[in-house]
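One is the number of the first residue; the rest follow in order along the sequence. The figures that follow rest on heavy atoms only: side chains count, while hydrogens, waters and symmetry mates do not. Whatever order the structure lists ligands and atoms in, that order sets their numbers, starting from 1.
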Amino acid sequence: MTEPTTAWTMTSHSDVLELWRKQVDAKLETCLRSQPESRLRDAMAYSLLAPGKRVRPLLAMAACDALGGEAVHALPAACALEMIHAYSLIHDDLPAMDDDALRRGRPTCHIQYDEATAILAGDALQTLAFETLAEAPVRPLDVVRLLRILARASGASGMAVGQAWDMEATDQAVDLDTLQRIHRHKTGALIQASLEMGGIIAGADETSMARLGQLGKHLGLAFQIQDDILDETADTATLGKAAGQDRAHNKSTYVRLLGLSGAEHKAQDELTGAAHCLKQLAADDRPLACLVDQLARRAR
Ligand code: GRG
């Protein structure tokens with residue numbers, strides 16, 4: 001007798017992730033089309049639809065799936081996360097911040113348009129994120145929880161303060177604890193929020209929410225350490241952004257503090273912690289585990 005064919009046996013986890021990636025891109029386009037035509041909207045689309053990895057949206061959808069929810073229900077949250085991420089990249093690239101000319105293999109938003117338009121595109125993507133998240137197909141109380149998580153992860157208790165601390169640490173010799181605190185906020189907060197938002201949409205219980213949070217902490221740190229390593233070791237064409245910028249700007253990084261091999265070990269420790277959390281969540285044979293594995297081996 002042949003085994004019944006399920007969605008999971010028909011398609012591999014990476015095919016599922018690819019399908020979700022396409023669904024995210026389609027919904028991002030729909031969200032943009034709901035805004036009036038303008039040069040501002042063109043600039044938002046230019047950055048938002050550029051070929052990024054869509055890590056945060058996929059984490060939200062995969063977490064929702066792993067906790068027993070329908071991944072498609074996480075689409076508004078997934079798109080909101082990508083909008084916040086795109087806004088942060090646009091603002092991070094501005095002359096007042098990192099002053100970068102290349103992002104996702106293309107001229108940065110302020111180079112392609114102009115500085116004022118890029119600032120507004122970031123601002124408008126940030127507000128569009130909350131408008132989009134408000135559509136999440138969950139109970140009103142859970143919509144409020146989602147809005148609060150995203151706001152806290154993006155603002156002065158998350159990504160924005162991480163960016164501020166990072167700028168203050170430039171040209172300074174910071175210790176490992178300080179560096180970890182910077183990165184937990186600048187990069188980790190949004191990654192952790194992605195997983196937690198997926199959990200809320202799936203209706204996860206407190207224990208699973210805590211495990212998702214822990215997974216997010218490990219993954220966020222591993223992701224940033226890899227970013228530091230790739231900045232040092234990969235080339236501009238592969239990264240789609242200028243390589244070697246951390247050293248050029250005298251930034252505090254894991255590679256600077258621990259050396260290349262020390263940073264690689266630290267990333268590996270965090271990935272081991274992430275694998276443990278996946279096991280506790282009984283998600284080690286779900287697309288979420290496949291996504292974590294893809295991130296562990298990422299080259300850009
Ligand atoms: C302007 C408030 C404000 C914040 C900016 C997150 C951030 C703070 C700036 C981005 C710069 C940076 C290198 C942050 C580290 C996080 C990171 C690794 C970003 C790149 O994310 P990926 O690799 O990019 O997911 P893609 O292009 O694939 O989406």
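S47 contributes no side-chain N or O that, together with a main-chain N or O of M44, makes up a donor-acceptor pair within less than 3.5 Å. Side-chain atoms of S157 come within 3.5 Å of backbone atoms of R152 as a donor-acceptor pair (strictly under, hydrogens ignored).
Residues satisfying the side-chain contact (heavy atoms from CB on, under 4.5 Å) criterion with R33, sequence neighbours excluded, are E29, T30.
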Steps toward side-chain hydrogen bond (donor to acceptor under 3.5 Å, both in side chains) verdict (E196, Q192): CA-CA 6 Å; E196 290 173 347; Q192 184 176 338; 3.0 Å; yes
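Each of G52, K53, R56, H85, Y87, S88, L89, H91, D92, R104, M159, A160, Q163, K186, T187, F223, Q224, D227, R298 has a non-hydrogen atom positioned under 4.0 Å from some atom of ligand 1.
No single ILVMFWY cluster, assembled from side-chain heavy atoms under 4.5 Å apart, contains both M159 and M167.
When ring centroids are compared, Y254 and H183 come within the 6.0 Å threshold.
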